[in-house]
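Whatever order the structure lists them in is the order used to number ligands and atoms, beginning at 1. Residue numbers start at 1 and run along the sequence shown.
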Amino acid sequence: MLEDKNIPKTPIATLGEFALIETLTKSFEIKDSSTQFGIGDDAAVIQHGKDETLVSTDLLIEGVHFDLSYMPLKHLGYKAVMVNLSDIYAMNAVATQITVSIAVSNRFPLEALEEFYLGIHLACKNYKVDLVGGDTTSSTKGLMISVTAIGKASKDEIAFRNGAKEGNLVVVTGDLGAAYMGLQVLEREKAVFQVNPQSQPDLSEYSYCIERQLKPESRVDIKALLKDLEVKPTAMIDVSDGLSSEILHLSKASKLGCQIYEDKIPVDPEVLKSCEEFKINSTTAALNGGEDYELLFTIEQSDFEKIKGHPHLSIIGHMTEVASGYNMVTGLGQQIELTAQGWNGIENKEND
Ligand code: ADP
Ligand code: MG
C-alpha cells in the first residue's frame, strides 16, 4: 500500500483528531436536499418528509474482510461504501447519506487515509450520496472501517425479504461468481509475489473478475429500472454471500421453498474461463462465492413478459411451497438440495 518510499509521509499524530477529520472531509459537499446538516455538530440532521427512512451498517476489519497487500486504499474506500449502499438498494430504496467511522493505527500516515477518502469521495459522487458524519479513533494494529448508509423509500415501495409468494419468479441482476474468481487470482498472485517479489504478473485476462473484487459497483439502477418496467418486486435481498445463502434467507423469511435452474444462473465468460483454470465449478463460484453485490428478488408470474430477455435481469427459478425444500436442477437434470454453503466443494467464506 505504501510502496512509494520517496514521497514524505505525514504521521497522523502530528495533526490531532480535529485537523485529521477536517483534512479528510473538507472536499465533501452536501448535495442531497434531504441533508439538512452534515459534518460538524454532534449529529447530522436529515429530512425525509413522508418517506420511510432506512438505515444499514457494516463493519470491515483488516485481515478479516480485506487484505491491504492487494487492495489499494482508494478501492477499499469505494468498496466499503458499495457494500453498504447495496443493502439500501436491496430494500428497493434510494440511498441518500453515509457516515464513515475509522479506527487507525499509526502505521497509516495521513496520505494513506487521504487515499482511502478519495475512494469514498468517488463513491459518494457516483452514487449521489452525502457523507454526513462518522467517528475517528485509534487502533493498536490494523484498520477498522464502519460505514452506515441511510436511505429513503415510500412505504409501498420497500421490498422486504419476507414478501415472496408461492409461484413467484426468482430474478437475479447482472452476473455472479466473478468477485470470487477475482479473489482467487489475487490470492494466487500474492502467493507468487511472496516467493518472487520480482514477478510482474499479466492479469489482463482476468480484468473483469479482478475489477469485480477490487472495485465492485452496487445496483443503484434496479429500483428505477423495475419502476420503468412496471414491476414491483415482492421480496428482495442483495447477493453479498453467494446466491445459495441469499436465496435461503429470502425463502426462509418468506416461509417458502425454492427451485432454481443451474442453466439459468448468469455467469460471465471470463468466470467460466478462470474457473476452468482454477478447477473450480463455475456454479459453485456463483452459489458460494459472494461479494457480487447483485440483487436477488421475486416477482409475480404475471410480470414474466415484462422482464423476459432483459439484458440485466435473469429469471433463474421460482418459489415453491416450503415442504418442497430448497433445490437446484443441474444442467444434467438432477435435483440437488441447496445449503447455506452451496451444494459441494468450496467452503463458504466468513465475510459477514
Ligand atoms: P463527537 O465528539 O461528537 O463524537 P467528533 O469530534 O468525533 O464528534 O466529530 C466531529 C464531526 O466530524 C462530527 O460531525 C462527526 O460526525 C464528523 N466525523 C468524525 N470522524 C469522521 C470521519 N472519519 N469521517 C467523516 N466524518 C467524521
Ligand atoms: Mg466522535
Problem - N/O separation below 3.5 Å, Thr25 to ligand 1 - result: no

Practice task
Heavy-atom contacts with Gly40 under 4.0 Å: which atoms of ligand 1 show up? List them by number with element.
Solution key: 11 (C), 13 (C), 14 (O)

Handout entry: Proximity to ligand 1 by part of Phe28, non-hydrogen separation under 4.0 Å
Key = neither

Exercise for the section: Would you please say whether a donor-acceptor pair under 3.5 Å links the side chains of Thr320 and Gln259? Expected result: no

Practice task
Return a yes/no value for Ile21: is any of its N or O atoms, backbone included, closer than 3.5 angstrom to an N or O of ligand 1?
Solution key: no

Handout entry: CD (Gln200) with more than 12 external heavy atoms under 6.0 Å
Key = no

Problem - Sub-4.0 Å heavy-atom approach of Phe18 to ligand 1 - result: yes

Handout entry: Side-chain donor-acceptor contact under 3.5 Å, Ser240 with Glu291
Key = no

Handout entry: Test item, Asp42 contacting ligand 1 (heavy atom, 4.0 angstrom)
Key = yes

Handout entry: Minimum non-hydrogen distance to atom 25 (C) of ligand 1, winning option of Ala44, Ser146, Ala43, Gly133
Key = Gly133

Exercise for the section: Examine the side chains of Thr298 and His318 and answer whether a donor and an acceptor come within less than 3.5 Å of each other. Expected result: no

Exercise for the section: Provide the number and element of each atom of ligand 1 under 4.0 Å from a heavy atom of Thr136. Expected result: 19 (C), 20 (N), 21 (C), 22 (C), 23 (N)

Handout entry: Tyr70-Gln213 side chain donor-acceptor pair, cut-off 3.5 Å
Key = no

Handout entry: Contact check, Ser101 vs ligand 1, heavy-atom distance below 4.0 Å
Key = no

Handout entry: Nearest neighbour of atom 4 (O) of ligand 1 from the list Thr137, Asp135, Asp41, on a heavy-atom basis
Key = Asp135

Completion exercise
With sequence neighbours left out, the residues meeting side-chain contact (heavy atoms from CB on, under 4.5 Å) with Glu166 are Leu256, Glu321

Exercise for the section: Run the numbers for me: atoms of ligand 1, each under 4.0 Å from some heavy atom of Glu17, listed by number. Expected result: 6 (O), 7 (O)

Problem - His48 side chain to Thr53 side chain, donor-acceptor N/O pair below 3.5 angstrom - result: yes

Exercise for the section: Go through the side-chain N and O atoms of Gln97 and Thr35 and say whether any donor and acceptor fall under 3.5 Å apart. Expected result: yes

Handout entry: Residue Tyr117 vicinity, atoms of ligand 1 by number, heavy atom under 4.0 Å
Key = 22 (C), 23 (N), 24 (N), 25 (C)

Handout entry: Polar contact flag for Gly134 and ligand 1 (N/O pairs, less than 3.5 Å)
Key = yes

Problem - Side-chain H-bond candidate by donor/acceptor type, Asp175 with Tyr208, under 3.5 Å - result: yes

